[in-house]
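Only one structure is covered here, and it is reproduced in the block below.
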2 protein chains.
Amino acid sequence: MKAFAVPDRAKGVCSPPPMPLSPGRVDRTVDVLKALADPTRLQMIGMLKRAQQPVCICDFTAAFNFSQPTISHHMSKLRAAGLVEVSRKGIWSYYRLRPQLEPATRALMDVVG
Amino acid sequence: MKAFAVPDRAKGVCSPPPMPLSPGRVDRTVDVLKALADPTRLQMIGMLKRAQQPVCICDFTAAFNFSQPTISHHMSKLRAAGLVEVSRKGIWSYYRLRPQLEPATRALMDVVG
DNA sequence: CATACCCATTGACAAACGTCTATCGATGCG
DNA sequence: CGCATCGATAGACGTTTGTCAATGGGTATG
């Protein structure tokens with residue numbers, strides 16, 4: 001199998017290791033990717049992106065067929081990743097996308113959902 | 001705590017559930033996000049993005065402090081997600097980013113790394 | 001005060017994940 | 001042919017993840 005052309009290489013010799021990105025940037029990106037890499041959380045983000053106002057957590061509990069603690073847990077992960085923020089009004093909790101995201105994170109949020 | 005303004009809402013009444021994205025698109029996006037949500041795999045993608053030619057798998061094995069099977073396993077996941085493709089030349093395996101990605105996937109790959 | 005309601009936290013559990021060692025198939029070389 | 005090398009696969013093992021039932025803390029209302 002040789003589906004595409006590959007460079008010549010002497011036996012047993014590997015090219016010098018290409019150096020990767022800055023470790024900090026990698027870790028932060030991975031954190032955000034992990035936060036988004038779940039169907040429920042990805043749709044939560046999508047709903048928040050389309051919402052004109054902060055969304056009550058009870059709306060998410062109603063929208064998905066999961067228990068209330070599970071929804072709360074997912075939203076907590078999004079919050080831990082710095083993607084959303086919460087505000088209480090009486091009994092209710094309202095969530096919205098966090099404004100002023102780092103540019104790289106914002107770019108990621110823009111392309112998904 | 002009321003960090004930002006929230007809409008008025010009658011007691012016990014939740015707004016109609018906002019409908020999410022198409023399930024297929026969500027699943028595909030989650031697959032790609034999961035493939036990228038690992039430091040090693042994310043850096044592999046970064047190296048492939050910066051490479052001018054297909055890269056020998058042995059270069060990845062040399063670049064990371066993981067065993068050869070672990071590197072092979074990570075690359076296999078990237079391949080299963082349709083992000084990279086492989087070509088053999090004699091003993092060696094060369095990988096490159098898969099051209100002609102779906103636009104949404106391509107956009108994701110562009111913003112990370 | 002007592003009750004009902006909303007939501008977060010805890011603890012439990014199965015499934016998925018990342019890593020390793022050991023092994024195997026294939027290719028090249030003496 | 002016999003042996004070494006590259007890379008993929010299999011099996012094992014500890015950690016992380018997604019889910020639920022149960023509980024707890026706060027807030028409104030009778």
Side-chain angles (χ1 to χ4, degrees), chain A residues 1-3 6-15 26-27 30-44 54-81 84-95, chain B residues 1-3 6-15 26-27 30-44 54-81 84-95:
Chain A
M1 172 205 306
K2 185 160 70 72
V6 293
D8 284 336
R9 173 189 295 276
K11 178 208 174 200
V13 175
C14 286
S15 36
V26 168
D27 288 350
V30 166
D31 281 349
V32 175
L33 289 170
K34 276 192 179 150
L36 297 174
D38 174 273
T40 305
R41 292 198 292 271
L42 188 61
Q43 298 196 53
M44 284 173 159
V55 178
C56 178
I57 187 76
C58 64
D59 291 337
F60 295 100
T61 303
F64 299 97
N65 262 335
F66 288 122
S67 69
Q68 175 265 318
T70 295
I71 299 300
S72 184
H73 166 75
H74 281 307
M75 196 59 89
S76 165
K77 286 213 157 189
L78 292 177
R79 195 156 57 83
V84 306
E85 60 186 26
V86 63
S87 179
R88 306 266 155 73
K89 181 175 192 180
I91 288 185
W92 294 286
S93 290
Y94 290 84
Y95 285 84
Chain B
M1 172 206 307
K2 184 159 72 71
V6 293
D8 284 335
R9 174 189 294 276
K11 177 208 174 200
V13 175
C14 287
S15 35
V26 168
D27 289 349
V30 166
D31 281 349
V32 175
L33 289 171
K34 278 193 177 147
L36 297 174
D38 174 272
T40 306
R41 292 196 293 270
L42 187 62
Q43 299 196 53
M44 285 176 160
V55 178
C56 178
I57 187 74
C58 64
D59 291 338
F60 295 99
T61 302
F64 299 97
N65 262 333
F66 288 122
S67 68
Q68 174 265 318
T70 295
I71 300 300
S72 184
H73 166 75
H74 282 306
M75 196 58 88
S76 166
K77 286 212 157 189
L78 293 177
R79 196 158 54 84
V84 306
E85 60 186 25
V86 64
S87 178
R88 305 267 156 73
K89 181 176 190 180
I91 289 187
W92 294 286
S93 290
Y94 292 83
Y95 285 84

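Within every chain, numbering begins at 1; the chains are lettered A, B, ... in the order of the sequence lines, protein sequences first and strands thereafter.
When the P atom of C:dT19 is taken as reference, atom CD1 of B:I71 falls 8 Å away, rounded to whole Å. Rounding to whole angstrom units, CG of residue B:D59 and C1' of D:dC6 are separated by 13 Å. Taking atom CD1 of A:I91 as the reference point, atom P of D:dT29 lies 8 Å away to the nearest angstrom. Counting to the nearest Å, the P atom of C:dT9 and the CD1 atom of A:I57 are 11 Å from each other. Rounded to a whole Å, the CG atom of B:D31 is 10 Å from the P atom of C:dC17. Between the CG atom of B:L33 and the C1' atom of C:dA16 there is a distance of 17 Å, rounded to whole Å.
Contact annotation for B:Y95: backbone-only contact, meaning every heavy-atom pair under 4.0 Å involves sugar-phosphate atoms and none involves a base.
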Check: protein-nucleotides 18-25 of chain D nitrogen or oxygen pairs below 3.5 Å:
from   : atom 1 : to    : atom 2 : distance (Å)
D:dG18 : OP1    : A:R41 : NH2    : 3.2
D:dG18 : OP2    : A:R41 : NH1    : 3.3
D:dG18 : OP2    : A:K77 : NZ     : 3.2
D:dT19 : OP2    : A:H74 : NE2    : 2.4
D:dC20 : OP2    : A:S67 : N      : 2.9
D:dC20 : OP2    : A:S67 : OG     : 3.1
D:dC20 : OP2    : A:T70 : OG1    : 2.8

Worked verdict on A:Y95 versus A:V86 for side-chain contact (heavy atoms from CB on, under 4.5 Å): CA-CA 5 Å; A:Y95 285 84; A:V86 63; 3.5 Å; yes
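Annotation: side chain to side chain donor-acceptor pair (under 3.5 Å) contacts of A:Q68 (sequence neighbours excluded): none. Listed by chain and number, the residues in a side chain to side chain donor-acceptor pair (under 3.5 Å) with B:S67 are B:T70 (sequence neighbours excluded). Residues passing the side chain to side chain donor-acceptor pair (under 3.5 Å) test with A:T61, sequence neighbours excluded: none.
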Show which side-chain atoms of residues 34-41 of chain B pair as donor or acceptor with protein atoms under 3.5 Å away, not counting sequence neighbours.
from  : atom 1 : to    : atom 2 : distance (Å)
B:D38 : OD1    : B:T40 : N      : 2.9
B:D38 : OD1    : B:R41 : N      : 3.1
B:R41 : NE     : B:A35 : O      : 2.7
B:R41 : NH1    : B:H74 : ND1    : 3.0
B:R41 : NH2    : B:K34 : O      : 3.2

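Ranking D:dA8, C:dG28, C:dA8 by closeness to the A:R88 side chain, first place goes to C:dA8.
For A:S93 and C:dC6, the shortest distance from a side-chain N or O to OP1 or OP2 is not below 4.0 Å.
Scanning both residues, A:Y94 and A:C56, for their nearest heavy atoms gives CD2-N, 3.6 Å.
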